[in-house]
Amino acid sequence: MALFANHNSVYVALHISLIHYLFSFFDFTSPVAGIGASVGSASGLIPSYDVLYYTGVRAYFSEEWEKAAELLEKSMTTREALFRTRRQCHEECLPAGHDRLPKLDTEKGNVWDLWAVDWVQRRAECVRFCLGRAVTPAGQLPVSADIEYEFSTRNPYNFLQVVYWNLGKVQKAASAAHTFFVANPSHLEMRNNIEKYRRMEGVTEDAFQDREMETEKHWALYDSALTSEASSDWTHAVEKWRECVNETLRQTDECRAQCEVASQRLPESRGEDGMDGVFEKAAALSLSLLSCHQACVTQVATRPGRISAQEDLLPTQLEHLHIAQFKAGDLGGAVRSLRSLLLFYPSDKDSLSNLELYTETLGGDTEAHGTKPSQEIARYVSRSLQEKKLLYFGMENLNFNFTDPDLWTPEKVVPELLRDTWRAEKEVLNEKMKEGEKEVEMDDSGFYAGGPVPQVGVTISMDDNSLNGTNRVMLDGVLDQKECDTVLRLATAAASAGDGYRGRRSPHTPHEKFEGLTVLRAVKLAQDGMVNQSDAKLLHEMGERVRTLLHSYFRSPSGLHFSDTHLVCRSAITGDQEGRLDLSHPVHVDNCLLEPETRQCWREPPAFTHRDLSAVLYLNDDFDGGELFFTDRDAKTVTARVKPTCGRLVGFSSGPVNPHGVTAVTAGCRCALALWFTKEKQHRDMEREEAETLWAADGQSVTKGGEVREEGREGTAAPARSGRSGSQSSRSRGRGRVTGGKDEL
């Protein structure tokens, strides 16, 4: 939500089930149904947090700011209290019925099953009593999927940011904005709001702390451990990795406890006649619980703001831990951590080789030689394997659906009939892991720099070597000064005629004004007599020129289609540059979500996943700043810089090998033509084709290169196939056409 903006409607749905299905033997967490609990429970019991949230949102849209702040805050604290109470009840009721368990091994005949039911009922009675003394009956009901989504995406903080702004409580507004932004890093409006808050008087650095940090503590420890490794502070790295492992286990246990104590809807009948017997229903419910337990692996391994979980999170931490312990001189600890890792991957060659190295280094230290794996890890693996066996049995025999969250699951756990499907799913996960582990200099885009430059007068000023990267090039002489002046004149005329941006501030920084023009907009302005037809055609022809040059130089093995073309001018706002520390465009990757902490880049929405090749053609140099720079995947280490000048073209592959940004424009106006290309025809720029259709309808011709084919063009050497794999699209996740704001270079 933007400050001072009109209140856009936000979809908040609330579907509270008023029908509570009782299943006396196995639905051991069912509360007594209750309807009509008040927003604030007069009994002092924990009320329904979803009702509090829904009422708070209504107050927000009624602009009752004080009431909205109170209810939205209370909905979050109530939710925290509910989760905390569930956990306490889980711990309190663990011993309930345990005295019945020995009977299962000693009783003969049919009596043992009654002792099993007795154990379940005693646990159910304990949980019901524990929850009943702290939570209202309505507060124990499951909330809708919509409400769960609202809280998982931290949308309450989205509302609170606007609420506190309207109440004049800017410190709290900044805190809410920052907490929301952590889980929504692509939300440009919120990023701009945070920039505004940072410049406001009375807002301290304390405001920019994640209010949800406690539930994501393992990620802070993970990043801290990586930082210590990077600086070779191995003692500190050992400490942080150990804390990270323990916190990950704690978060997993917390999640599992919620599975057991939270109210669950009964699974639907799976029988052919729509009805299941008591044992089928009991099996379905128990399998649902085990599946929830396993899903905790994915939940804990997913960073805020990410769609995908980090595969093998716990084994990865153990691998880092044993290496750090070895480098810190703690050989006994390294052996323990490595043996713990081998519980996940007992035949891993690298781990076995490391164990042999550690054993040789220990020499005669017999005590260290006998070091066992961590008991906590051993219990974790043993419990998980037993759950997987039961779940795979349910898949094979009871028509239960289960997605295994782990790569380390041994094949012997999977029934023979399911192994082909299991192997295929595991291969997909392995491919995703390999994608994230590739070194920065490896690029599987299918492009291979070093091809010919087919335009006379164009020179290669910098290549991969001088730009310190892969699939990068800087070409000079693509435009002459007259052409640059013509397009700059076009940009000025379009801005005065109304370019659709109305001189708004840049979407990337509040310190710059943003103006832009597409080919289609230029054609329409020309038809209205606002700009010259020849100027509009030059804008179009420049794009064709760039495509021809880059297709040849990068030896594209397939067709290259325009994905987007945008003339962009960024002007420094006079009087708003003092003390400026931000960038004109923060470091990013054009077709994936860069995660600097882990050096991974997730090719999934909201990234423009269909982009394959990026380019920027500069028009002027009479401004300060505005340099394009490339970085390592850490988004900090600058590997190359490019100073804009008329006719200079920079081209590069759009993937994770080329993170880049733009330094602040602190004086003057920087104009450039930004272009993106795709190998996928369905993602071609339809606006560009519409512009060409309008010209054709007027009986005018335009210079158009047409679809560039693999076999080459007349007078140009056919591009050689790259030795690198060009199958990136087959591994892309969630690929689809992304619409919305431009991601300008």
Mind listing the side-chain donor-acceptor pairs of residues 522-534 below 3.5 Å, one per line with the distance, residues two or more places apart or on another chain?
unit_1	atom_1	unit_2	atom_2	d
Q527	NE2	D698	OD2	3.0
Q533	OE1	W695	NE1	3.0

Take R603 and D612, measure what salt bridge (charged side-chain N to carboxylate O under 4.0 Å, His left out) needs, and give me the verdict at the end. CA-CA 12 Å; R603 197 160 185 179; D612 294 304; 3.6 Å; yes

What pairs with Y553 under ring-ring contact (aromatic ring centres under 6.0 Å, His included), at least two apart in sequence or on another chain? none

I'd like to check the salt bridge (Lys or Arg N to Asp or Glu O under 4.0 Å) partners of E483; sequence neighbours left out, ordered by chain and number. R545

Under the ring-ring contact (aromatic ring centres under 6.0 Å, His included) rule, collect the residues that match up with F208, sequence neighbours excluded. none

For D634, give me all partners under salt bridge (Lys or Arg N to Asp or Glu O under 4.0 Å), at least two apart in sequence or on another chain. none

With sequence neighbours left out, write down each residue that passes side chain to side chain donor-acceptor pair (under 3.5 Å) with N620, or none if nothing qualifies. D622

Do E604 and S308 have a side chain donor and acceptor closer than 3.5 Å? yes

Point-to-point distance, once rounded to the nearest 0.5 Å, from CG of L613 to CG of N591: 10.5 Å

Partner residues of T639 under the side chain to side chain contact (heavy atoms under 4.5 Å, CB included) criterion, sequence neighbours left out: N468, R472, F630

Could you list the residues that satisfy ring-ring contact (aromatic ring centres under 6.0 Å, His included) with H178, not counting sequence neighbours? none

Parallel, tilted or perpendicular: which one describes the rings of H588 and H585, with boundaries at 30° and 60°? parallel

Indicate, with yes or no, whether the SG-to-SG separation of C669 and C569 is under 2.5 Å. no

Give a yes-or-no answer on whether the side chains of S584 and E512 include a donor-acceptor pair shorter than 3.5 Å. yes

If the condition is side chain to side chain contact (heavy atoms under 4.5 Å, CB included), which residues does A237 pass it with, not counting sequence neighbours? S228, E229, W234, W241, A324

Would you please name every residue forming a disulfide bond (SG atoms under 2.5 Å apart) with C484, sequence neighbours left out? C646

Looking only at side-chain N and O atoms, does E692 offer a donor or acceptor that is under 3.5 Å from a partner on H540? yes

Non-neighbouring partners of F562 that pass ring-ring contact (aromatic ring centres under 6.0 Å, His included), sequence neighbours left out: F677

Centre of Y448's six-membered ring, under 6.0 Å away, within 45 degrees of the axis: is that where NZ or CZ of R555 sits? yes

Which residues satisfy the side chain to side chain donor-acceptor pair (under 3.5 Å) test with T153, sequence neighbours excluded? none

